[in-house]
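Since the structure comes first, as structure tokens, the remarks are kept for the end.
Each chain gets a letter, A, B and so on, in the order the sequences are listed, and its residues count up from 1.
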There are 2 protein chains.
Amino acid sequence: MDKAVYEAIRRAMLMGRLLPGTKLGEPALARVLKVSRERVRKALHRLVHEGWLEAVPNRGTFVPALTIGEVREIYDVRTMLETAIVGRLCTGYGPPAAQRLKAHINEERLAVRNDDRGRLFGLSGEFHVLLAELCGNEQLSKLLRGLLTRSTMHFSLSAPERFHNCAGPHDHADIVKAILARDAKKAAKLMLDHLLGLVEWQSAWQPPPNPVRLEEAFRGIAAVRRPA
Amino acid sequence: MDKAVYEAIRRAMLMGRLLPGTKLGEPALARVLKVSRERVRKALHRLVHEGWLEAVPNRGTFVPALTIGEVREIYDVRTMLETAIVGRLCTGYGPPAAQRLKAHINEERLAVRNDDRGRLFGLSGEFHVLLAELCGNEQLSKLLRGLLTRSTMHFSLSAPERFHNCAGPHDHADIVKAILARDAKKAAKLMLDHLLGLVEWQSAWQPPPNPVRLEEAFRGIAAVRRPA
DNA sequence: TGGCAGTAGAATGTGCACATTATGGCCGTA
DNA sequence: TACGGCCATAATGTGCACATTCTACTGCCA
């Protein structure tokens, strides 16, 4: 199955092993992953199409360096969708929805108590997906899942070793509380502030100097040979 | 360039030449379009990934038969985004935005007056894209463009020969009027009603018996060989 | 006559070899 | 010494041939 190659590259990106600007050569990947070049090609093409990588014709595929502007745009779209989502959940949801929401919040609390950053990182993302799923709209869920992965990619690539506390657990609990109280206005406002906080928090991570950016800037100027 | 193959297939779908359930065989397409099978393969894979076609492993790729439920879901997502869009446009837009909106409405009026259904069909879609573009969010524009093509695909496939009047021009003019008056509430409401009307109008198109559906139903039963 | 196994054909999936293009080093010249 | 053109090398792009899988027809058997 060629999905394995796709997943391997994606995982490497989420783990921050591939810095922005890195070139993903087909022969090198095929050698490392021990698969044929065609498999690698297909996986790369798919990743490019999904926005994970950038392809330059006759040059290769590269790990993109998302600008703060693009991240803001993605969060802006998320805001539009997710404020609408919580609003809709306030107008009507089934009993299992309430139960799932409470269960999720409890899991996040548990992760915080155990200081399990990795688990909390995963749960924070899943919370937003959960809200979409509770709307019962498959298209919406898929779309939001894509936006979420893309919005976190920037973070994963730039500062992966430190999982974000996201200011999340508390925000999430408040949002759930508002939904259960069927307070649409408040829920939407809380979601808006939550996402605004996230994007601001991520923006603060841009300033630290990115080594790859320097390498790109000096390519063809200084007499340094790139390591890869 | 392989984009030509991609565009050719897409155009055929939009023109309604490919009915739902039709199989797009690689050798047949390569023969018809006079390109190598690899080009066809790449184009098909891309179309599948974008949701235009459906692929069954070791079976081939087929023109999908979107259910009413899926169409409703897509319109639901569009409602979330587009009500937010008009709301945002009401809070702030530049002078060129107002000018472009007015110009578009005028073009639609002109198309109606000339009874140019084809042009009106295109303009009706472009109106929604225009609103997204005026927000200045590239991600949003791309996303909405995809949703729009997918939501109209169902229509194109099931009833392509009759371009929809969409109850559009009038609705669009009202929406623009509300935006220019900076009446966010009204604009959002009008957009909501507009999209609700569109999806209801499209739903009404499902009942008429689909010839391909019959062909599929009799496949393997009657002694008819499929034309392709 | 109805059902089923076997088989021939075609279509999809996969890997390989070649063509094309970009990159980096080398050399000649101003 | 610096600049510009040339060439070797490696990577990407493309087409082809083979392997695998599914479909459909045929013939056999109950």
Regarding dG13(C), can its base be found pairing with the side chain of R37(B) as donor and acceptor, where the two atoms are less than 3.5 Å apart?
yes
Proximity to the side chain of R41(B) - top-ranked nucleotide from dG13(D), dG13(C), dC16(C):
dG13(C)
State which of dA11(C), dC22(D), dT12(D) makes the closest approach to the side chain of K23(B).
dA11(C)
As a quick check of understanding, evaluate salt bridge (charged side-chain N to carboxylate O under 4.0 Å, His left out) for R119(B) and E107(B), giving each step before the final call.
CA-CA 9 Å; R119(B) 175 123 187 84; E107(B) 281 205 62; 2.4 Å; yes
After noting the C-alpha distance and the side-chain angles of E138(B) and S141(B), does the key distance pass the side chain to side chain donor-acceptor pair (under 3.5 Å) rule?
CA-CA 5 Å; E138(B) 187 63 35; S141(B) 303; 5.2 Å; no
Between K42(A) (NZ) and dT14(D) (C1'), how many Å, whole number?
17 Å
Whole angstrom is fine here: how far is it from CG in N58(A) over to P in dT20(C)?
12 Å
Roughly how many Å is it from CG in L24(B) to P in dA11(C), rounded to a whole number?
13 Å
Do any N or O atoms from the side chain of H104(A) and from the backbone of L123(A) form a donor-acceptor pair under 3.5 angstrom?
yes
Go through dT12(C), dT12(D), dT23(C) for me and flag the one nearest to the E26(A) side chain.
dT12(D)
Whole Å only: how far is the CD atom of E54(B) from the P atom of dT12(C)?
16 Å
Taking only the side-chain nitrogens and oxygens of R39(B), find out if one of them lies under 4.0 Å from OP1 or OP2 of dG15(D).
yes
Side chain of S36(A), heavy atoms from C-beta onward: which of dG13(D), dG15(D), dG15(C) has the nearest atom to it?
dG15(C)
For ring pair (Phe, Tyr, Trp, His ring centres under 6.0 Å), just list the numbers for H49(B) and H45(A), CA-CA rounded to whole Å, side-chain angles, deciding distance to a tenth of an Å, and then say yes or no.
CA-CA 11 Å; H49(B) 191 80; H45(A) 285 153; over 10 Å; no
Whole angstroms only, please: what is the CZ-P distance between R59(B) and dT12(C)?
11 Å
Starting from P on dG15(C), measure out to NZ on K34(A) and report it in whole angstrom.
16 Å
Given dT12(D), dC22(D), dC16(C), which nucleotide is nearest the side-chain atoms of E38(A)?
dC16(C)
